[in-house]
> 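Handing you a structure now.
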Amino acid sequence: MSYPINKSVKPDLSAHFDEATNTITYIVKDPDSNHCAIIDSVMDIDYAAGRITYDAADKLIEEIKDRGLILDWIIETHVHADHLSAAPYIQGKLGGKIGVGEKIMVVQETFGKVFNEGTEFQRDGSQFDALFKDGDTYLIGTMQAFAMYTPGHTPACMVHVIGDAAFVGDTLFMPDGGSARADFLGGDAGELYESIMKVLSLPDEMRLLMCHDYGPNGRAIQWETTVAEQKANNIHVGHGKTREEFIKFRTARDAQLSMPKLIIPSLQVNMRGGEVPTDKDGNPMLKTPINRL
Ligand SMILES: [Fe+2]
């Protein structure tokens with residue numbers, strides 16, 4: 001696959017760090033128009049109380065309104081397991097199309113079974129406005145973006161490349177954070193390695209924007225690095241680590257990790273494009289499958 005890279009375009013980025021989930025949400029603006037996209041938004045949940053709020057999303061909405069921007073796209077790099085998407089809430093306020101990788105159907109099939117969903121849960125990706133295939137392009141104003149298929153963390157992961165900036169989702173973390181886990185249902189460490197190599201085959205000077213940062217060893221939160229820095233310093237894949245070395249390391253590490261705190265609500269909401277499921281009477285309601293994850 002040859003991708004339509006255009007690193008001469010430098011989108012204007014505004015990053016919003018969500019402290020509750022260590023997620024970074026981006027507003028990505030076309031430098032030549034007032035059009036923008038949002039990548040990986042967050043809906044707030046107090047899971048213990050079963051309470052959903054929209055403080056994080058409201059901040060994005062306010063910024064977009066204040067700057068007089070037009071929202072073309074609300075992108076999900078994948079079905080997140082650690083936070084809930086606010087995509088439909090934002091779309092209701094600002095418009096824009098919600099896009100995700102077409103392999104969302106695989107994720108919907110897998111977790112539709114885990115949560116024992118009925119036939120009312122469509123497994124065809126129809127909850128989203130656009131389903132991207134590897135190399136598909138789309139426009140943010142005049143600026144062309146494309147999606148790069150990068151499975152491994154999940155089967156539906158895509159990296160979105162917009163001008164000189166690549167939004168890596170859950171593939172790489174900052175060089176001292178390494179890589180995303182590959183042990184969720186449908187994940188695969190070997191595939192993740194190949195996807196990371198695809199990201200690292202982008203031009204050395206391209207900016208890489210993380211979806212998460214946990215500030216390892218007490219350093220301040222960061223989210224931007226470059227392909228060259230990752231190749232040189234990434235603790236999991238840098239210094240020319242082989243696929244076999246990576247699979248061995250990743251598998252052993254993943255066996256030590258506990259499930260993300262919000263995986264159960266996140267999967268149910270995010271596989272529906274950010275909509276909260278409802279019970280037979282139409283009340284918003286979540287399930288907890290026992291001993292399935
Ligand atoms: Fe993730």
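Computed from a predicted structure; not experimentally measured. Atoms within a ligand are numbered from 1 in the order they appear, just like the ligands themselves. As a basis for the values below, the full set of heavy atoms in this structure was taken, side chains included, without hydrogen atoms, waters or symmetry mates.
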> Tell me the protein N, O or S atoms under 2.8 Å from the Fe ion (ligand 1), in chain and number order.
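For the Fe ion (ligand 1), the protein N, O and S atoms that sit under 2.8 Å away are H78 NE2, H153 NE2, D170 OD2.
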> Show me the donor-acceptor pairs, under 3.5 Å and distance only, between side chains in residues 71-81 and residues at least two apart or in other chains.
unit_1, atom_1, unit_2, atom_2, d
D72, OD1, H35, ND1, 2.9
D72, OD2, H35, ND1, 2.9
D72, OD2, G141, N, 2.8
W73, NE1, L139, O, 3.0
E76, OE1, H80, NE2, 3.4
E76, OE2, S85, OG, 2.8
T77, OG1, D40, OD1, 3.3
T77, OG1, D40, OD2, 2.8
H78, NE2, H80, ND1, 3.4
H78, NE2, D170, OD2, 3.2
H80, NE2, D40, OD1, 2.8
H80, NE2, H78, O, 3.4

> Look at the aromatic rings of Y54 and Y89 and report parallel, tilted or perpendicular, splitting at 30° and 60°.
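Parallel, since the angle between the ring planes stays under 30°.
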> Run the side chain to side chain contact (heavy atoms under 4.5 Å, CB included) test against K113 and tell me which residues pass, sequence neighbours left out.
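Result, side chain to side chain contact (heavy atoms under 4.5 Å, CB included) vs K113: E109.
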> Walk me through whether F146 and H160 qualify under ring pair (Phe, Tyr, Trp, His ring centres under 6.0 Å).
CA-CA 6 Å; F146 67 90; H160 286 260; 8.9 Å; no
> Checking D183 now: which residues fulfil salt bridge (Lys or Arg N to Asp or Glu O under 4.0 Å) with it, not counting sequence neighbours?
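With sequence neighbours excluded, D183 shows a salt bridge (Lys or Arg N to Asp or Glu O under 4.0 Å) to R181, given in chain and number order.
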> Within 45° of the axis and under 6.0 Å from the centre of the six-membered ring of F121, does NZ or CZ of R272 qualify?
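Ring-cation test returns yes.
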